[in-house]
Amino acid sequence: MTTPVPVLTVETVPAYLRTRADLASVLDVSSVRVREIGDGNLNLVFIAVDGSGRGVVLKQSLPYVRMVGESWPLSQDRILAEARGYDAASKLSPGSTPAYHGLDAERRLIAVEDLSDWTVWRTALNAGRITPGAAAALGEHVAAVAFGTSAFALAPEEVKAAAAASINPELCRITEDLVLTEPYIDHPHNEWDAELTPDVLALREGGLVDEVAQLKHAFLTRAEALIHGDLHTGSVFVPGGAIGQRESAAKVFDIEFSFYGPVGFDLGALFGNYLLAQSRARVLGRPPEFGEWLATLADETWTAFEAEFRRRWPSRIDSSFTDRFLEHWLRQVWADAVGFGGAKAIRRIVGMAKASDIQTLPTDQRVRAARAVLAVGRAWIEGRREVSGPGDLATLTSALLAEELV
Ligand code: SR1
Ligand code: MG
């Protein structure tokens, strides 16, 4: 691990910003008010606002995992992975990426657009807000970044160089452990409501672990494109109010888990988190139109992803990737997305780093919602190759949720 760089504080950010003449067009760096707003698991996040209300966000990696403390050291180099993610996403999907104001490699921090008037999507979903277009914008975003960083758009030498530069072993290891290993074994990171013990222990029976092992192997080895690596609904902003004419319906942030991996992993992260939102909405008895809308999200994301990928396909640089190959590859990505979706949902119930969708529910509802997520997550992993498409997935999911949440 490299020597830790000193971390900023609310008190030291103003002096730091005065050294950033390059940000003068973003805000008046000579007079700012600063707040620390990081509510994630890993980093420090400051928002600095000048006298006229213009702001900037500074994200600095801590030399440890914030949610645990100094007993879990983590290299501050992860901000370099985030910077690579922003570089690619700003170029390939600018509408769905916050304006990126660059990396200060020495201080291990990045500066990005202040989106204070936007809302974290998980927060909006938890509140029962319908946010039109977000799921489709994300499907399009994943396709744009995946296509543009893959062997479909770059020469083999370029792909290899980019994959090598994007190597992110520490953060990948967190995913390999927390998502694809620990929920299926005894591990001190795991925690669940006692009523769920039979459901959790059942995950270790009947061959599910062998299916998860296949997903883990794909995550470890299948370097298809630069992926976000942690694309849950807490890594997405949606507009605070109505969508403006030229505004995207979603913006993707928190890209520090990025690396060259399986494209279906990002789609699966979204699917799994849509499932958490669906289960929450059901136990809370949210209005039918909200539940019905939630049930369409995976379809919206997939359909937009597929359409954008097909739109870009004629521009591929290597015609040995035939149209038949594309059909085969899309089927593989779909099965990966469903399987990783199940694993991403299950980890939020069993393992470390839970999701507020379920955690903020009162005990009885939390247990029921969590049990339903485990049942659906398992069905997704085991059935990922048989579920033919989004319609089929929605039918399976609704049937299981109805069965579990009578
Ligand atoms: C120890 S880090 C826990 C989780 O936070 C991030 O958001 C990732 O989802 C990671 O698994
Ligand atoms: Mg994150």
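Each ligand, and each atom within it, is numbered from 1 in the order the structure gives.
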Taking atom [atom1] of [X] as the centre, does the number of heavy atoms from other residues, nucleotides or ligands within less than 6.0 Å exceed 12?
{"X": "Arg310", "atom1": "CZ", "result": "yes"}
{"X": "Glu289", "atom1": "CD", "result": "yes"}
{"X": "Asp392", "atom1": "CG", "result": "yes"}

Ligand 1 atoms in contact with [X] (distance to a heavy atom under 4.0 Å):
{"X": "Leu178", "value": "3 (C), 11 (O)"}
{"X": "Ala353", "value": "3 (C), 4 (C)"}
{"X": "Phe257", "value": "6 (C), 8 (C), 10 (C)"}
{"X": "Val65", "value": "1 (C)"}
{"X": "His232", "value": "7 (O)"}

Residues Arg311, Glu308: salt bridge by 4.0 Å N-O rule: yes
Heavy-atom distances under 4.0 Å are what count here, so tell me which part of [X] touches ligand 1: side chain, backbone, both or neither.
{"X": "Arg347", "answer": "side chain"}
{"X": "Arg348", "answer": "side chain"}
{"X": "Ile174", "answer": "side chain"}

Residue from Thr233, Asn126, Asn273 passing side-chain contact (heavy atoms from CB on, under 4.5 Å) with Trp121: Thr233
Heteroatom distance test (Trp72, ligand 1): nitrogen or oxygen, under 3.5 angstrom: no
I need the nearest protein heavy-atom contact for [atom]: residue, atom name and distance, please.
{"atom": "atom 6 (C) of ligand 1", "value": "Asp230 OD2, 3.3 Å"}
{"atom": "atom 2 (S) of ligand 1", "value": "Leu42 CD2, 3.7 Å"}
{"atom": "atom 5 (O) of ligand 1", "value": "Asn41 ND2, 2.7 Å"}

Metal environment of the Mg ion (ligand 2), protein N/O/S under 2.8 Å: Asp254 OD2
Stepwise side-chain hydrogen bond (donor to acceptor under 3.5 Å, both in side chains) check, Asn43 with Arg78: CA-CA 10 Å; Asn43 305 293; Arg78 61 188 182 274; 3.1 Å; yes
Evaluation steps, ring pair (Phe, Tyr, Trp, His ring centres under 6.0 Å), between Phe219 and Phe259: CA-CA 10 Å; Phe219 184 84; Phe259 76 112; 4.9 Å; yes
Aromatic ring pairing Phe340/Phe265, orientation class (parallel under 30°, perpendicular over 60°, tilted between):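 Answer is perpendicular, since the angle exceeds 60°.
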N/O donor-acceptor pair under 3.5 Å between Thr123 side chain and Thr119 backbone: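 No, the answer is negative, given that no donor and acceptor are paired below the 3.5 Å cut-off.
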Steps toward ring pair (Phe, Tyr, Trp, His ring centres under 6.0 Å) verdict (Phe309, Trp329): CA-CA 11 Å; Phe309 221 90; Trp329 186 79; 4.7 Å; yes
Which atom of Ile381 lies closest to which atom of Val212, heavy atoms considered: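 Answer, listing the atom of Ile381 first, then Val212: CD1-CG2, 4.1 Å.
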Derivation of the side chain to side chain contact (heavy atoms under 4.5 Å, CB included) call for Leu58 and Leu17: CA-CA 10 Å; Leu58 300 180; Leu17 278 176; 4.1 Å; yes
